[in-house]
Amino acid sequence: MTPSHPPLMSLEQALEQILDSINPIKDVETRGIMDAFGRILAEPIHSPLNVPPYQNSAMDGYAVRSADLPASGNTTLELIGTSWAGTPFAGEVGEKQCLRIMTGAKMPAGADTVIMQEDVQKTDQQITIGDGHKAGQHVRHIGEDIREGAQVLQPGKILKAAELGLLASLGIAEVQVRRPLKAAFFSTGDELRAVGEALEEGQIYDSNRYTIFGMLKGLGVEIHDLGVIRDQREEVEAAFSRAAELADIVFTSGGVSVGDADFVQQTLEKLGTVNLWKIAMKPGKPLAFGRIDDAYFFGLPGNPVSAMVTFYQVALPALHKLMGQTPHPPLQLKLRCLDSLKKRPGRTDFQRGILDYEGNELVVRSVGAQGSHILSSMSRANCFIILPAEQGTVKAGSKVEVQPFSSLM
């Protein structure tokens, strides 16, 4: 290494520095629980009651006294009524008596055990039960699920279907949630054309804006698309300023590598504090991160696969923290790879793969060509095959680390 070629920064180092510099947004809103779906909880939730609030039956059957259970042989009990869910029995079960009871119905006074209806012989107003039953069986106890006063949800929890149901079960109608994160993005380049325009010699369609939009859309953020900006100093500076006014975080792709237009870097330096890094990852070595005015900024690589890999591996954890969530490593699996994989030691490699079954075994195979410009490889893939920096070529049949795309959002 020479001073003009500094060592590459590891992915772990870059991510640590980025997360250390991120402060979550503080603005909160009160929302009804249905309107809060997909939002980030901003307050701890403690249960105002026991769940269940009373002893109830876990089965359709008969409520009996455990003292009346036969140690051996059979016993006959008098049927004195029914306890329905929502309409409890008002009386008390006495010696050698029982009560028809439905799932979820309140246990009557005197009874402490439920016999499933399949284990009962019924004749007129009597039932006959055999031995082998346990005292207290098939009964849900007060607070068995949640105790009154217990913390059931922590700040930073994303509210999904189970959480909405949990809040409703506690009678909680409104919660405090973080406001939606605001994200802005644009593309720069005189060679770029918008979808629907005719291409001239030397021009290409802008695809990165659409992939960035798609990756942000899945997070439920408020999106500001500023379009394609020409390679003119004034226009680029105005776009950066506008994006920083609109958003908490700004994304661009391309324009921050060695050899890119000097005015892009000069604009970043003028408006904020931005670090230009080379990360020991493939694809996705060039990365810019910092602040533009009051907004965080990510300058993703220009190659389309590099932009997506860098977004998922670096920007996504930062977005989670900024939104108020606790960043967590995505799911990784150790699986047998059906193909040999070419790799040179030096950088962590995120190759595109396909998770599939071979018989009953979950395995992974390569999508084929791994060039950072081959966007179709991301469409065909459903996972990353992660090869560590020190790893060389992988032989077919070897175990590799696999990160499913479904775990990344």
Side-chain angles (χ1 to χ4, degrees), residues 9 11 13-27 180-189 192 206 208-209 211-217 219 221-279 281 284-304 306-324 327:
M9 179 182 290
L11 177 59
Q13 288 175 314
L15 193 54
E16 181 180 5
Q17 289 191 32
I18 289 169
L19 291 179
D20 284 347
S21 69
I22 296 280
N23 293 313
I25 57 176
K26 296 181 179 179
D27 301 334
L181 186 70
K182 301 174 183 177
F185 57 91
F186 59 89
S187 296
T188 61
L192 300 178
D206 174 26
N208 282 356
R209 268 176 50 240
T211 54
I212 292 173
F213 167 83
M215 292 184 292
L216 290 171
K217 188 71 173 177
L219 296 172
V221 305
E222 181 181 306
I223 294 174
H224 298 273
D225 177 9
L226 303 188
V228 178
I229 308 301
R230 293 191 303 166
D231 281 330
Q232 301 293 327
R233 185 188 304 273
E234 296 79 10
E235 292 191 26
V236 171
E237 185 172 329
F240 275 117
S241 296
R242 177 61 174 158
E245 289 176 0
L246 290 171
D248 304 297
I249 189 164
V250 177
F251 290 93
T252 65
S253 60
V256 291
S257 299
V258 174
D260 287 322
D262 288 341
F263 65 82
V264 174
Q265 296 184 27
Q266 292 170 8
T267 300
L268 294 174
E269 293 170 358
K270 178 180 178 180
L271 297 179
T273 302
V274 177
N275 299 303
L276 303 179
W277 291 334
K278 291 185 177 180
I279 312 298
M281 61 185 294
K285 181 168 68 173
L287 174 70
F289 171 75
R291 298 292 293 265
I292 298 177
D293 294 334
D294 293 328
Y296 295 99
F297 169 72
F298 274 101
L300 304 177
N303 278 322
S306 299
M308 294 190 74
V309 171
T310 306
F311 181 95
Y312 283 129
Q313 302 303 325
V314 182
L316 184 60
L319 282 164
H320 284 159
K321 184 173 181 181
L322 187 56
M323 294 165 70

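Every value quoted in this text rests on a predicted model; they were computed, and no experiment measured them.
No side-chain heavy atom of E245 sits under 4.5 Å from any side-chain heavy atom of D293. T211 is not listed as a side-chain neighbour of P304, based on a closest heavy-atom distance of 4.5 Å or more.
Enclosure of atom CZ in R242 is not indicated, since only 12 or fewer non-hydrogen atoms of other residues, nucleotides or ligands lie within 6.0 angstrom. Atom CG of D294 sits in a sparse spot, with 12 or fewer heavy atoms from other residues, nucleotides or ligands closer than 6.0 Å.
Taking CG of L11 as the reference point, atom NZ of K285 lies at 14.5 Å (rounded to 0.5 Å). Here the NE2-CG distance, from H320 to L219, works out to 5.5 Å after rounding to the nearest 0.5 Å. In this structure, CG on L15 lies 11.5 Å from CE on M9, to the nearest 0.5 angstrom.
Checked options D206, T252, I212, I229; the residue passing with S187 is D206 (criterion: side chain to side chain contact (heavy atoms under 4.5 Å, CB included)). Under the side chain to side chain contact (heavy atoms under 4.5 Å, CB included) rule, L319 has a single partner from F311, Y296, F298, which is F311.
The minimum heavy-atom distance linking L287 with L300 is given by the pair CD1-CD2, 4.4 Å. In plain terms, the two heavy atoms of K321 and I22 that are nearest each other are CE-O, 3.2 Å. Listed here is the closest heavy atom pair of M215 and Y312: CG-OH, 3.5 Å. Closest heavy-atom contact between V274 and A288: CG1-CB, 3.9 Å. Nearest approach of V250 to A295, heavy atoms of both residues: CG2-CB, 4.1 Å. For S253 against N208, the heavy-atom pair with the smallest separation is OG-ND2, 3.2 Å.
Using a distance-only test at 3.5 Å, with no hydrogens or angles considered, no donor-acceptor pair links the side chain of S241 to the main chain of A238. Looking at T310, its side chain never comes within 3.5 Å of a backbone N or O of A307 through a donor-acceptor pair.
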Side chain to side chain contact (heavy atoms under 4.5 Å, CB included) assessment of F240 paired with K270: CA-CA 11 Å; F240 275 117; K270 178 180 178 180; over 6 Å; no
Verdict with supporting geometry, L226 and L246, side chain to side chain contact (heavy atoms under 4.5 Å, CB included): CA-CA 10 Å; L226 303 188; L246 290 171; 3.9 Å; yes
Residues F289, V314; criterion side chain to side chain contact (heavy atoms under 4.5 Å, CB included); working and verdict: CA-CA 10 Å; F289 171 75; V314 182; over 6 Å; no
F297 vs L268, side chain to side chain contact (heavy atoms under 4.5 Å, CB included): CA-CA, chis, key distance, verdict: CA-CA 9 Å; F297 169 72; L268 294 174; 3.9 Å; yes
